[in-house]
Every structure is written in C-alpha cells, then in structure tokens.
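Okay, structure first, notes after.
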Number of protein chains: 2
Amino acid sequence: MMGRVTRERVGAELVAVVTAVVAGRPVVLTAEGGQHLPFGPLRTEHHSMQAGLQTWVEQQTGHRLGYVEQLYTFADPDRASAAGRVVSISYLGLTNAVGDRPSDAWRDWYAFFPWEDQRVGSAGPGLVTEVIEPRLGAWVEAAPPAEREARRLRADVCFGLGGRGWSPELVLQRYELLYEAALIPEAPSATPDRLVPGERMAGDHRRILSTGLARLRAKIQYHPVVFELMPESFTLGQLQVTVEALAGQALHKQNFRRLVTQQDLVEPTGETHAETGGRPARMYRFRRAVLDERQVAGTKLPRTR
Amino acid sequence: MMGRVTRERVGAELVAVVTAVVAGRPVVLTAEGGQHLPFGPLRTEHHSMQAGLQTWVEQQTGHRLGYVEQLYTFADPDRASAAGRVVSISYLGLTNAVGDRPSDAWRDWYAFFPWEDQRVGSAGPGLVTEVIEPRLGAWVEAAPPAEREARRLRADVCFGLGGRGWSPELVLQRYELLYEAALIPEAPSATPDRLVPGERMAGDHRRILSTGLARLRAKIQYHPVVFELMPESFTLGQLQVTVEALAGQALHKQNFRRLVTQQDLVEPTGETHAETGGRPARMYRFRRAVLDERQVAGTKLPRTR
DNA sequence: ATCCTTATGCTTGAGTTGAGCATAGGTAAC
DNA sequence: GTTACCTATGCTCAACTCAAGCATAAGGAT
C-alpha cells in the first residue's frame, strides 16, 4: 500500500525562472545582484508547489504571473553536504509587468548567455566564430582519436558549425557542451584563461536558467505563451520584436504576420499606433479563447536567411 | 549565498513509468497486482536521481532501460499527513525486453485508460460515444449557465466531439476532465453508478501514468524514441504496429514508411521476414547515428481518416 | 491456377512555408 | 511642399510537405 515509509528526508526548494521582455530585451528576475535565481523552501502551509511559488513571487515582484509551468527537478550532488540532500524543483514563470522592483533585479538573459543572442548587431555571431568555435576546436583535437569525430559532430550540431543551421532551442545542450569543454567557470577543470564570456551564477542556477530559456524557446512555437509577456494591446511589430528577443533570431516580417493572423491568435482593437516614424500600425489584442479552442497554436519561427 | 538553510524536510520518492510493447500491446510495469507503479525512496547513496531509478528498475526487471526521462514532480496534498509532505519525482523509462518477471506485473495501458485506444475494433470508440459522451453531456448541463459553454468546449476538444478530431496526446487532459466530472473512482465526489470503465491505481499513480502516456505520445512525433521499444532488427510493419499501439490510432501505411525511410531513421539489414502470410518484408535496424546528427527527427503520425 | 495477404512503389492534389515584390501611410529633412 | 525615409500591410510564386489512394510485387493457402 501507499503508506510505506520513506526513510530518508531531503530539503525541497522551489526555484523560479521569471521572465519578461522590456523594450526588446528579455530579462529574468534575479536576487542578490544577479548571483542567483529567486528561490525558497517548500513550506507545509503551501497548498501546492505552484501555489507556494506563486505567492512568494507575488511578494517579490508585486505582480501575478500570467503563466507558470514546472521545468525540472534537480538534485545537485555538489550540495548533498552535511545538511543532507537538497532537491530543487524549478518553475518557469512569465509576466508582462516588471513592477516597481529595483531594475537591477531584472537582468538581461544574454548577460548570462551572450552566445544565445544571434540577432544581427548583437554579440552572439561574432562570439561564436571568434571565441567559441576555435576553443571547441581545441577541445575536439584534445580528444583521443576514437572520440574525436563524436565531439566534432556534437559541437557542429550545437553551434550550427560546418554549414549546419543554428537551432535556438538547443540552449541547454550548448551550455552543457561548454561546461564539459571546461569553457565555463562553473566547470570543475575550468582555467581562467580559456573561459567564454558570460556571467556565472551560484550553484547550478545558470543551468536552471538555461533550461528555462530552452523550454520557452521551444514552447513558443506550438503554444501561445508569448502573449503572457505582452501588454493588453500591441502591434504585430511589437509582438514580433518580443518573439525575436526570446528566439535570439530575426524573423521574416511578412510571414510572421501571416502566421499570427491566419491562426486567429489576435483580433484588432480598432486603434492604431504611430510612434515608430513609419506607417501607423493597427493594434491587436490576444484572443484568449484560443486557449480553450485548441491545444496546438503557436508562433512558429519563420526564419530569415 | 547558496548555503541558506531550508528548514523543513520532505520525503522524496522516485516513481517509474516503465513501458514496453509486446505483440502490439503497450504495457507498463506495475507492482502488487497493478495497484500502483513501482516506486522507492531516493537514497543518499544514489549518485543521482536517474542513477537511483536505473539501478532499482534493473533490480526489478533484470533489464537496463534504453531511455529514461524525467516526467514531472508531484506533491500530492492528500499524502501530506503526519509523516510530513511527500514529493514524488516521476520518470518515464522505455525498454524492449519484458524480462522474466511474472507477466502480470506488465499490465496493458488500456486496462487503465480504455478510452485511449481508438484503433478500430478496440473498446475506445464505442466507449466514448456510448458512455463518456452522454455522461459528459450531463456534466455540461449540470453547470451554471454561464459556465456551460466553457464545459462543452472543453469536453469537445478533449474527446474530439462535435466534429473535432481526436488528439492522441491529450491523455492527461482527458483524465483530468473525467476526474473533475467525477466519472473516475479517484475523484472525491464520484458515485459508483456513474463511473467510466477503467482500473484505478493507488494514490495519484493513475495520473502519473497518464502523464507518461501523454509525454510518450507527444515525444514520439519529434524524437526517435520508438526504437528503444524495438528489437535489434524489425520490419517496417512491426515498427508501425508499435507506433499504432502507442498512439492508439491506425496510421496510413504507405505514408508511414515514406516518413521513416526518407528521414534515414533506419537502414536495411539485408534480411527478410516471412511470417505474416503475405509478401516477405525487409528487415531494418535503427541508425543510432541520427541521435547525434539531429535534434529533431521523429515518427510523425500520418493519420488515417 | 486463383485468391488472399502483406509489402512496396508511385502519383496527384491540397496545403504549408520561405522569399521577396509592391503599395500604403505616416514622419523628418530640405 | 517635395523628397527621402521608415514601418506596415497586401499579395504572389515556387519549393516543399503531406494526405490519400491506385497499382504492382511476392509470398502462402485452397
């Protein structure tokens, strides 16, 4: 029967990856100057884990999350110390209001993962070709011959090398590859002179963050979650900028609007918006009904180039 | 800093949804006569949660899992009793060998979810139209008028009513709907005379199982995991039967083979197989290299009808 | 031989997607 | 006020994908 005793007990911790998009920059809520993600213990008084997370994220941000989703449960072995084992249950939360917290609590995603921003003009593309590619090349060459081809293939797939395309949703795989290649300060055998740029976080929080980005980038394509990051009404241009910020990639404008409108994800409010110095744009609002009507309806990424 | 103390401690439990496909029937490993899924406490000596799960599943089945993936972490509030809170971390495991365990440990998926098998000749289609649809209809009518349309829409989407198509991957949504409509014995307000057929399990294990089926049905479409359920070599017909068993749906044969072969998921072994009383089929093996070469490559479901 | 069964190959039409041309309707500079 | 420039929006076209089904192949059973 179910009453069987589980003899050992562990600490349970809730970790939140709360993200928003502000002025075309994706940001994540951090604590203590970006050193870690907000987290807290699961308490007995919490009705459920989601409820526990919701309440104390509201305490911190002053805003209710439009969307919460469980990410992954980690049992970081490095932390199984004297105090016993700790299990971290991580969640992804989306909001459109950054609230009144000091703005340095909201940090740009790409401060932690500069290579993930592949939009033209950003750091990503240069970083990959000038720093990451050569250092991964060295890592490939350092392998025993039998393993060399496997390493090269993995590097090529992750970072779109050798004529392969860049896949935005491989965030976690890229992080783990850099970790294994010791190009990241968290890695045990990392040496300061061979590191790839990017801020670190305490413990395994940067790994948790990368899991969140990966999930969001994947989810956005087949589930209408972007709208949780948008204000009540918005232009299709603003929506596209938001998606591009998350994907770290430019999209084909005309095809993006075709996708959004043909799926009936939005409806016009009747107003227009003329701030951009171009033709005024129609404003739209999200049709919340689609959440009930269908289970698949997303914002695919009609890529450019 | 990370050393912050988490004051309360909880029991941590690993739960496994281990599935295989035997003779065209999808089966799941259970304990104590199908009353619950195999589970066990997370121990300090386990290197990681996956390792812990792997080792004791191997103990139980005598076979190594080809594939293990974390499913979801539940904190069943009903079990937060005197002993304190229990957190269940669930995993999906796939294997192709049912081993030498007594075969009643392996139970047919569809004993627990008869409505999920929509293949012609199985119980599903009749069950939906003759039992589920009318009882859900009553549940819709029982709602306050303002809520009625929302309920109807939800029932229609989940069970493909009102001309909508059946979506195999909505396993969890269907279970939760039946739960809310009190058509399932686990539901608090369920009455014995209005139940939908299907065996129950202890605690929330049937919910965990439905999470597993949902994940597997979704995953199969964009990741080549079916092959973990297949023997070394197989015919395309056998592969199709396996996918159909999981999806609970018939597939268009010619399109299925085109999909599999065009993606280079398999390579011929050169042998043939003549047991079916028809033209002998070529045997194939899975090209394991695709796991490294690509991140997306699945067995989409070329549906029939 | 004839029929039944499963396997395999191929075609066709509908729909989806990537790419880009063309026009609309504003603001800012000259 | 005319020109340049900018973003928004509409539309077309070719390549590709996908559902559906016809046709043929190759075995066993009667």
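Note on naming: letters A, B, ... go to the chains in the order of the sequence lines (proteins, then strands), and numbering restarts at 1 for each one.
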Separation of [X] atom [atom1] from [N] atom [atom2], in whole Å?
X        : N      : atom1 : atom2 : answer
B:Phe256 : C:dT8  : CZ    : P     : 12 Å
B:His273 : D:dA25 : NE2   : P     : 23 Å
B:Leu239 : C:dA7  : CG    : P     : 12 Å
A:His252 : D:dT9  : NE2   : C1'   : 12 Å
A:Gln263 : C:dT16 : CD    : C1'   : 12 Å

Classify the side-chain pair A:His252/A:Gln254 by whether it contains a donor and acceptor separated by less than 3.5 Å. yes
Would B:Arg174 pass as a cation-pi partner of B:Trp166, given that its NZ or CZ must be under 6.0 Å from the six-membered ring centre and within 45 degrees of the axis? yes
Hey, which of these two, A:Arg279 or A:Gln254, hits DNA chain D nearer its 5' end, going by closest nucleotide? A:Arg279
Could one point to a donor on the side chain of A:Arg257 or the base of D:dG10 with an acceptor on the other under 3.5 Å away? no
Five-pair end axes of the helix from C:dA1-D:dT30 to C:dC30-D:dG1, angle between them (10°): 10°
Distance from A:Leu229 atom CG to A:Leu94 atom CG, nearest 0.5 Å? 5.0 Å
Relative to each other, are the rings of A:Phe286 and A:Phe227 parallel, tilted or perpendicular (30° and 60° limits)? parallel
More 5' along DNA chain C: A:Pro280 or A:Gln262, using each one's nearest nucleotide? A:Gln262
Is any side-chain nitrogen or oxygen of A:Arg282 closer than 4.0 Å to OP1 or OP2 of D:dG10? yes
Do the side-chain N or O atoms of A:Lys253 get closer than 4.0 angstrom to the phosphate oxygens (OP1, OP2) of D:dA8? yes
Taking B:Arg288 first and then B:Glu228, would you say they form a salt bridge - that is, a charged N and a carboxylate O separated by under 4.0 Å? yes
With a 4.0 Å cut-off on N to O distance, would you call B:Glu116 and B:Arg217 a salt bridge? yes
Report the nucleotide, chosen from D:dA23, D:dT9, D:dA19, that has the shortest atom-to-atom distance to any side-chain atom of B:Arg258. D:dA19
When you look at CZ of A:Arg154, are more than 12 heavy atoms from neighbouring residues, nucleotides or ligands closer to it than 6.0 Å? yes
